[in-house]
Number of protein chains: 2
Amino acid sequence: MQKRTTIKDLSRILGVSPSTVSRALHDHPDIGKALKQKVRELATALHYYPNAMASQLRQSDNKTLALIIPEITMFFFPSVIEGITQKVREHGYQLMVLQSHENLQQEIENIKTCINLRVNGIMISLCRDTHQLDHLKEAAEMGISIVIFDKTVPNNRFPFVGIDDKNASQKAVSWLTFQGCTKLLGIFGHPHMSISNQRREGFETACMQLLPTGGAFKSVHALNQADAAHQLHALWSQFEPDGIFCMSDEVLAGVMPTLSKIADNQAKSSKVIGISDGKLPFLFHESLHFLHHDGFKIGTATAQCLLNGLQMGGKSIDVPVIIQETPIVGNRQ
Amino acid sequence: MQKRTTIKDLSRILGVSPSTVSRALHDHPDIGKALKQKVRELATALHYYPNAMASQLRQSDNKTLALIIPEITMFFFPSVIEGITQKVREHGYQLMVLQSHENLQQEIENIKTCINLRVNGIMISLCRDTHQLDHLKEAAEMGISIVIFDKTVPNNRFPFVGIDDKNASQKAVSWLTFQGCTKLLGIFGHPHMSISNQRREGFETACMQLLPTGGAFKSVHALNQADAAHQLHALWSQFEPDGIFCMSDEVLAGVMPTLSKIADNQAKSSKVIGISDGKLPFLFHESLHFLHHDGFKIGTATAQCLLNGLQMGGKSIDVPVIIQETPIVGNRQ
DNA sequence: CTGTTAGCGCATTCAC
DNA sequence: GTGAATGCGCTAACAG
């Protein structure tokens, strides 16, 4: 890597001091119009690019926010990222995306990277093996603002943006019973994931409250999309539901095609409702409804929440907890 | 943001020099076991975190690679990112993802950010309005290694990883005709995108060569997923194909549900083949085939290509052009 | 084994 | 208006 031109180089050539060049480059009012022009020209002529590492070090600030998520899957997170990116750019920050791959060690490592880099703030969706937040507390003590979104832990004390998981499941059950379903199947995500359990509890509670006598329900956890398909298939002979609740897009992606195959043979259909970012359902042939878990909105809200925290310099009294609504939508409406 | 502990702080407290502390922290062989231990302990006790900006400046290297893509959509790119992330981590680099949002200005801005940050290398999928590569040449002249993948321009002179777009389309047509189709519809992506045109040309050439007399074909460009659905619908009354080629997952996502609705009414089906990352097809009820355009592999190959370039210090004679295969797969096999 | 010295490139005080 | 001096925090010669 050859040597790059620096402010010093420019200053030497122009016969002025480095500070003058620096000021000219930053359009400082003290510098003459003519000189500014000359500096600019020479800078582009010599391919001068300010060394971000140096200027960041000097200013001990890098205008960067970090996003830490388990994985950039095709579900949900692309929307979240889009929302965050938009908000963050508007406010002149860079975004850095880190993946924890559902691995606590990796998550801790990522936090450390954030601290070392002196990012201004962190938005994080916790991985499923995270049960305590010491690593986040550490970052917070280093002066980094933090917002948790989507996946959290029970006793979280950080600002949070997400949905009311239990309530969403209850709404889903309520909808299914309203459609006349009496035999409900709930399919949930990985059992280590807190939202899986929140949503399952909501589901089960609602089933017990809302199902008529003679009704029945069952809940299962799927490790991933393929497992959801597999479990549904295996279960069908013993427990044939007339209403199915899928807790996420990933589950829906496993369930819908399977259901579609089953329907081929049986010429009968179960009602389906899921929780979804709102893109996937429109790909399926079968009709279904979903509680719209809007990733884009979650993203913008999360970023906004972080930016607010940043502005108050971390000295806010109340810890915001922002709960997004999840309206019910049909894919054939 | 309060003051953070620095090496100097540690050195003062321990009564040794900063360089000794630095060496201890880096497990330098010259430092005594006992002292290392003491330094380590004090560091954690005082929550010392090395300032990455400072150390990067000093070493004028930040072990970072950049990925620039049009957008993190739910199609293809999540797989690519996964592949790249894996490779890049293995080699101890950080990855930084930038989006151009199909905007040349933004793409140029991103390149500038990369130069300012002194990243070691850039992997880029060009946005659709990019027709010349001056901005990349600029980065290359600053000593940054570059690999273009997936979306490129005709006269590209940079290393490239992708598929043979024309050939893929031809294989698709060949498959359709082999299935007995004689009336083909090709649906392509945004008309400004080079791969849209490459794939369309391949399609049309192959149609002219392979279709029997009496056969017919038609190609259309769709601006996005919704437009693909719309166009197919609008077209159906005038041109009812018995074979359809969809150039991408995005197109497939628009086409398949529409086709499925049409099939409901007409009780007949067209053969479908697409180019796909290989996830989406399994969500659809209708059977279809696809040329497997493996994003994960493209990702690892791209990263590997960049890492190779890095190792040779940019002093390689030949410019690698890596073309991935696209085997045909069925979603019901 | 350890300390001293000297920057990396930049932005900012304080002088003039 | 402009220049000289200083230091952000860290590492790497070079000396001992």
Side-chain angles (χ1 to χ4, degrees), chain A residues 1-40 42-43 46-64 113 115-120 142-143, chain B residues 1-40 42-43 46-64 113 115-120 142-143:
Chain A
M1 205 168 306
Q2 78 278 23
K3 189 172 173 347
R4 267 76 146 259
T5 51
T6 71
I7 281 191
K8 229 177 181 169
D9 296 330
L10 298 181
S11 76
R12 198 161 8 78
I13 295 174
L14 288 171
V16 296
S17 86
S19 37
T20 304
V21 174
S22 173
R23 283 189 275 241
L25 256 14
H26 286 281
D27 205 24
H28 189 105
D30 276 3
I31 303 294
K33 196 88 186 79
L35 183 52
K36 270 182 195 167
Q37 192 57 24
K38 272 175 64 177
V39 172
R40 294 263 173 68
L42 187 65
L46 295 193
H47 303 280
Y48 168 78
Y49 288 87
N51 184 323
M53 294 184 259
S55 97
Q56 286 168 10
L57 171 61
R58 179 60 230 268
Q59 317 190 122
S60 63
D61 182 19
N62 53 21
K63 286 282 180 199
T64 298
T113 301
I115 298 180
N116 291 346
L117 251 27
R118 273 42 172 180
V119 302
N120 299 107
M142 302 299 292
Chain B
M1 208 167 307
Q2 76 279 23
K3 188 175 174 341
R4 266 78 146 256
T5 49
T6 70
I7 281 192
K8 230 176 179 170
D9 296 330
L10 299 181
S11 76
R12 198 161 8 79
I13 295 174
L14 288 171
V16 296
S17 87
S19 39
T20 304
V21 175
S22 174
R23 283 188 276 240
L25 256 14
H26 286 281
D27 205 24
H28 188 105
D30 277 3
I31 304 293
K33 195 89 187 77
L35 183 52
K36 268 181 195 168
Q37 191 57 25
K38 273 175 63 176
V39 172
R40 293 263 174 69
L42 187 65
L46 295 191
H47 303 279
Y48 168 78
Y49 288 86
N51 185 323
M53 295 185 261
S55 97
Q56 286 168 10
L57 172 60
R58 182 58 231 263
Q59 320 193 124
S60 63
D61 182 19
N62 53 20
K63 286 280 178 199
T64 298
T113 300
I115 298 179
N116 291 346
L117 251 28
R118 272 52 171 170
V119 302
N120 300 107
M142 302 299 291

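Below, chains carry the letters A, B, ... as their sequence lines are ordered, and counting in each starts from 1.
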Problem set entry | Nucleotide nearest A:Asp30 when distance is taken to its side chain, options D:dG1, D:dG3, C:dA11 |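 Of all the options, the side chain of A:Asp30 is nearest to D:dG1.
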Exercise. Does OP1 or OP2 of C:dC10 have a side-chain N or O of A:Ser55 closer than 4.0 Å?
Worked result: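 No, outside the criterion.
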Exercise. Do any side-chain nitrogens or oxygens of B:Gln56 fall under 4.0 Å of OP1 or OP2 in C:dC8?
Worked result: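 Result: no.
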For this session: Would you mind classifying the nucleic acid contact of A:Ile7 as base, sugar-phosphate or nothing, using non-hydrogen atoms under 4.0 angstrom?
Result: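 Sugar-phosphate contact only - A:Ile7 comes under 4.0 Å of backbone atoms but never of a base.
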Exercise. How would you label the contact of A:Thr6 with the nucleic acid (heavy atoms, under 4.0 Å): base, sugar-phosphate, or nothing?
Worked result: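 A:Thr6: backbone/sugar contact only, no base atoms under 4.0 Å.
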For this session: Could you check A:Gln56 against B:Asn51 for side chain to side chain contact (heavy atoms under 4.5 Å, CB included), going step by step and ending with a plain yes or no?
Result: CA-CA 11 Å; A:Gln56 286 168 10; B:Asn51 185 323; over 6 Å; no
Exercise. Got a donor-acceptor pair under 3.5 Å from the side chain of B:Ser19 to the base of C:dT2?
Worked result: no
Exercise. Contact class for B:Pro50 (heavy atom, under 4.0 Å): base, sugar-phosphate, or nothing?
Worked result: sugar-phosphate
Problem set entry | Candidate pair B:Leu117 and B:Thr64, rule side chain to side chain contact (heavy atoms under 4.5 Å, CB included), full reasoning | CA-CA 9 Å; B:Leu117 251 28; B:Thr64 298; over 6 Å; no
Problem set entry | Integer-rounded Å distance: C:dC8 P and B:Asn116 CG | 19 Å
For this session: Show your working on side chain to side chain contact (heavy atoms under 4.5 Å, CB included) between B:Arg40 and B:Asp27 and close with a plain yes or no.
Result: CA-CA 10 Å; B:Arg40 293 263 174 69; B:Asp27 205 24; 3.6 Å; yes
Exercise. Counting just side-chain N and O atoms, does A:Tyr48 come under 4.0 Å of either OP1 or OP2 of C:dC10?
Worked result: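 Yes, such a contact exists.
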For this session: Return the value, rounded to whole Å, for the distance between atom CG of B:Asp61 and atom P of C:dC8.
Result: 17 Å
For this session: Kindly indicate whether the side chain of A:Thr20, heavy atoms from C-beta on, has any atom under 4.5 Å from the side chain of A:Leu35.
Result: yes
Problem set entry | Separation of D:dG9 C1' from A:Met142 CE (nearest whole Å) |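 Whole-Å distance recorded here is 13 Å.
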For this session: Could you state the atom-to-atom distance from CG of B:Leu14 to C1' of C:dT2 in whole Å?
Result: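 Rounded to the whole Å, the gap is 14 Å.
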For this session: Give a yes/no answer on whether the side chain of B:Thr20 brings an N or O atom under 4.0 Å of OP1 or OP2 in C:dG3.
Result: yes
Exercise. Is there a donor on the side chain of B:Arg23 or the base of C:dG3 sitting less than 3.5 Å from an acceptor on the other?
Worked result: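 Yes, a donor-acceptor pair under 3.5 Å.
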For this session: Give a yes or no on whether a donor-acceptor pair under 3.5 Å exists between the nucleobase atoms of D:dG9, that is its base, and the side chain of A:Arg118.
Result: no
Seminar exercise, completed: Of C:dG9, D:dC8, C:dT12, the nucleotide closest to the side chain of A:Ser22 is C:dT12
